[in-house]
Amino acid sequence: MTKKEKHKIIAVVGPTASGKSRLAVELAKKHNGEIISADSRQIYKEFDIATAKPSEDEKAGIVHHLIDIIEPTQEFTVADFTDRAQQLIEDIVSRNKLPIIAGGTGLYLRTLLQDFDIPRVEPNKELRKELETIAESEGVEAVYDMLVELDPVLAQKIHKNNLVKIVRAIEVSKTLNMPMSQAQGRKEPMYDVEWIGLNAENREYLYNRINLRVDEMIEKGLEQEAKNLFEKYGELTLLLSTIGYQEFHEYFKGLISKEEVIEQIKQNTRHYAKRQLTWFRQNKDIKWMEIEG
RNA sequence: GCCUCGUUAGCUCAGUUGGUAGAGCAAGGGAUUGAAAAUCCCUGUGUCCUUGGUUCGAUUCCGAGACGAGGCA
């Protein structure tokens, strides 16, 4: 019985502004590698300044995949990411190069490289809208009660206030005609991954880097970028759920000042970095590198 | 100089008819299975400005002082 050998790959992870792009490029140069970005926002075209996409200079001739490939109006989810990344890994390995995954987005990384085995059920816009309407008129509990009927096991694990997760669980359970808790599972990791994590032991230091980077984004014209996107696409959910754009939305409506926008972007980015770290800390295979000093 | 109001958690402020106090934000921790830069959960001891007095007991009442804001001269 011969077991197929798993592909070796490197994963460089860390919170926003930790410098993982640079490290990934260094490693790619050293090991003849190509980079696959695991970032739910850099995937989009035109989302440049806000997502701190690497410039051509910063890419330093290294091939970067899954950056700048989706239109802002297109949907892109974990499943799309996983499928594309898996293909890319096969392709890169077949050319005798080393795949290096660099990111950011905890759910993407865990699904591609760790143990999440996601149910294959596409989003159902109408159902979501319907359930959200019920939540608005009758309260979230009404929707939660529906989930308790469909999948009491999962309902126990999802907090009754977490509408997004409740809705998805109902969506999956209804589509498959079986409880989502039975459709989802854990799997063996598909690859032989060397995990490298970037972090600052001193949280203040990380937060300072974030604050500085936001100031740089403003200097580079983040306001104009946000303006263009809102004018071109309107109030897309995607824009309203992306740090760096969502805050400008209120500013363009005259609700808050420029100073407040900048402060909010910094604040939201700090919160985001903290949430990212919660994802990564759960992964005991990560070898951590200190970024300060 | 006089009058009024204020001084409580890192910040903004509630509150205690006298029995040592609580919200929002911040901060920290966690969850996370096709929206994930999304969504959600948990965590609040702080000379209640200082100092005298009244009281069994004062952050709460009274006096004095300090600081801040406004008003009158």
Side-chain angles (χ1 to χ4, degrees), chain A residues 15-17 37-44 47 49-53 70 72 74-85 103-125 127-129 131-132 135 140 143-144 151 153-173 175-176 179-187 202-204 206-207 210 213-214 217 226 236-247 260 263-283:
Chain A
T16 186
S37 158
D39 186 306
S40 70
R41 292 299 186 279
Q42 286 189 359
I43 193 100
Y44 290 103
F47 284 30
I49 299 173
T51 64
K53 265 181 205 162
I70 302 291
Q74 265 181 287
E75 257 182 21
F76 189 84
T77 69
V78 213
D80 301 314
F81 168 79
T82 310
D83 293 344
R84 283 174 186 250
T105 301
L107 179 63
Y108 287 11
L109 291 162
R110 183 138 180 203
T111 304
L112 176 69
L113 304 176
Q114 293 182 266
D115 58 347
F116 274 10
D117 193 8
I118 53 169
R120 292 281 161 166
V121 175
E122 282 185 24
N124 180 338
K125 279 277 171 68
L127 211 214
R128 289 184 182 188
K129 188 130 202 206
L131 294 173
E132 275 155 22
V140 182
V143 185
Y144 184 75
D151 189 346
V153 175
L154 235 204
Q156 277 228 323
K157 293 184 185 165
I158 300 175
H159 194 276
K160 56 180 174 19
N161 290 346
N162 202 338
L163 220 215
V164 170
K165 291 211 169 106
I166 294 169
V167 166
R168 157 101 290 227
I170 292 175
E171 183 176 75
V172 172
S173 303
T175 309
L176 262 31
M180 180 177 177
S181 54
Q182 282 175 35
Q184 68 180 188
R186 296 281 167 100
K187 68 185 178 201
N202 176 2
R203 189 67 62 84
E204 284 286 304
L206 210 218
Y207 286 174
I210 287 170
R213 199 170 74 165
V214 171
M217 287 178 182
L236 278 185
T237 308
L238 179 64
L239 288 175
L240 296 176
S241 64
T242 298
I243 298 169
Y245 301 139
Q246 58 186 13
E247 298 84 359
E260 287 172 309
E263 263 324 296
Q264 282 184 20
I265 294 175
K266 289 177 179 173
Q267 185 68 74
N268 289 336
T269 307
R270 280 181 246 133
H271 284 161
Y272 170 50
K274 187 174 175 293
R275 265 178 278 131
Q276 286 180 299
L277 286 168
T278 301
W279 272 105
F280 303 142
R281 271 190 294 242
Q282 141 277 138
N283 182 348

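To find a chain, count down the sequence lines: A is the first, B the second, and so on, and within it residues start at 1. The basis for the numbers below is simple: all heavy atoms, side chains too, and nothing from hydrogens, waters or symmetry mates.
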task: Please name all residues satisfying side chain to side chain donor-acceptor pair (under 3.5 Å) with Gln74(A), sequence neighbours left out, ordered by chain then number.
output: none
query: With Lys266(A), which residues qualify under side chain to side chain contact (heavy atoms under 4.5 Å, CB included), at least two apart?
result: Asn211(A), Val214(A), Asp215(A), Ile262(A), Glu263(A), Arg270(A)
message: Base, sugar-phosphate or nothing for Glu132(A)? Non-hydrogen atoms, less than 4.0 Å.
response: base
- line: With sequence neighbours left out, the residues meeting salt bridge (Lys or Arg N to Asp or Glu O under 4.0 Å) with Arg203(A) are none
- request: Provide the distance between the two C1' atoms, one in U55(B) and one in G18(B), to the nearest whole Å.
  value: 9 Å
query: Any side-chain N or O of Arg128(A) under 4.0 Å from OP1/OP2 of A35(B)?
result: yes
- prompt: Does the base of U33(B) carry an N or O that pairs as donor and acceptor with the side chain of Arg110(A) under 3.5 Å?
  reply: no
Contact list (N/O, under 3.5 angstrom) for nucleotides 24-28 of chain B vs protein:
{"from": "A26(B)", "atom 1": "O3'", "to": "Gln267(A)", "atom 2": "NE2", "distance (Å)": "3.3"}
{"from": "A27(B)", "atom 1": "OP1", "to": "Gln267(A)", "atom 2": "NE2", "distance (Å)": "3.1"}
{"from": "A27(B)", "atom 1": "OP2", "to": "Gln267(A)", "atom 2": "NE2", "distance (Å)": "3.3"}
{"from": "A27(B)", "atom 1": "OP2", "to": "His271(A)", "atom 2": "NE2", "distance (Å)": "2.6"}
{"from": "G28(B)", "atom 1": "OP1", "to": "Arg203(A)", "atom 2": "NH1", "distance (Å)": "3.2"}
{"from": "G28(B)", "atom 1": "OP1", "to": "Tyr207(A)", "atom 2": "OH", "distance (Å)": "3.3"}
{"from": "G28(B)", "atom 1": "OP2", "to": "Tyr207(A)", "atom 2": "OH", "distance (Å)": "3.1"}

- line: The complete set of salt bridge (Lys or Arg N to Asp or Glu O under 4.0 Å) pairs with one or both residues in residues 74-83 of chain A, sequence neighbours excluded, reads Glu75(A)-Lys125(A), Asp83(A)-Arg120(A)
- request: Specify whether Phe47(A) and Tyr245(A) have parallel, tilted or perpendicular ring planes, treating 30° as the upper limit for parallel and 60° as the lower limit for perpendicular.
  value: perpendicular
task: Grab the CG-P distance between Leu154(A) and U32(B) for me, whole Å please.
output: 11 Å
task: Determine the interatomic distance between C1' on C61(B) and the same-named atom on U16(B); round to the nearest Å.
output: 13 Å
task: Could I get the full list of salt bridge (Lys or Arg N to Asp or Glu O under 4.0 Å) partners for Asp117(A), not counting sequence neighbours?
output: none
Whole-Å C1' distance, U17(B) and G52(B): 25 Å
task: Quick one: list whatever passes salt bridge (Lys or Arg N to Asp or Glu O under 4.0 Å) with Arg84(A), sequence neighbours left out.
output: none
- request: Only counting residues at least two apart or in another chain, list the ones meeting side chain to side chain contact (heavy atoms under 4.5 Å, CB included) with Asn161(A).
  value: His159(A)
message: Checking Arg213(A) against Thr269(A): is there a side-chain donor and acceptor pair closer than 3.5 Å?
response: no
- prompt: What pairs with Asp39(A) under side chain to side chain contact (heavy atoms under 4.5 Å, CB included), at least two apart in sequence or on another chain?
  reply: Ser37(A), Arg41(A), Gln42(A)
Stem regions touching RNA chain B, defined by at least 3 consecutive Watson-Crick or wobble G-U pairs below 3.5 angstrom: B:1-7 with B:66-72, B:10-13 with B:22-25, B:27-31 with B:39-43, B:49-53 with B:61-65
task: Would you mind building the protein contact string for nucleotides 36-43 of chain B? One character per nucleotide, 5' to 3', B for base within reach (heavy atoms under 4.0 Å), S for sugar-phosphate only, - for untouched.
output: BBBBSS--
statement: Sorted by chain and residue number, the salt bridge (Lys or Arg N to Asp or Glu O under 4.0 Å) partners of Glu247(A) (sequence neighbours excluded) come out as none
